[in-house]
Amino acid sequence: MSETFAEEAQLNDLPLWADEEASQVLKNIAEANNVPVDVLAELVGLQRARQHQERAAGIYQRIEEILGRMD
């Protein structure tokens with residue numbers, strides 16, 4: 001399983017992804033601000049995957065990689 005898929009799989013319980021109306025609001029806001037929804041999903045997934053770690057080793061590099069996809 002890819003890291004991206006694993007991160008996105010952790011979002012299914014969040015209302016912004018589980019609720020159709022909330023998901024549409026998120027998509028509209030993201031589109032209005034030129035931010036791909038998949039970038040937001042990866043960032044939220046990354047945060048959730050690492051929220052229990054004491055150290056954030058490597059997280060800044062991963063955030064830069066994700067945000068770099070917006071160029």
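Residue indices begin at 1 and follow the sequence shown.
- Closest non-hydrogen pair, Ala22 versus Pro15, comes out as CB-O, 3.5 Å.
- Closest approach of Val44 to Trp17, counting heavy atoms only: CG2-CH2, 4.0 Å.
- Looking at residues two or more places apart in sequence or on another chain, you find a side chain to side chain contact (heavy atoms under 4.5 Å, CB included) between Gln47 and Gln51.
- Within the 4.5 Å cutoff, the side chain of Leu11 has no heavy atoms near those of the Leu16 side chain.
- One distance of note links CD1 of Ile59 with CG of Leu46; it measures 4.5 Å at 0.5 Å rounding.
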Which donor-acceptor pairs under 3.5 Å do the side chains of residues 23-36 make with protein atoms, sequence neighbours left out?
residue	atom	partner	partner atom	Å
Gln24	NE2	Asn28	OD1	3.0
Asn28	ND2	Gln24	O	3.4
Asn33	ND2	Ile29	O	2.8

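- Annotation for Asp13 and Arg48: closest pair OD1-NH1, 2.7 Å, computed over non-hydrogen atoms.
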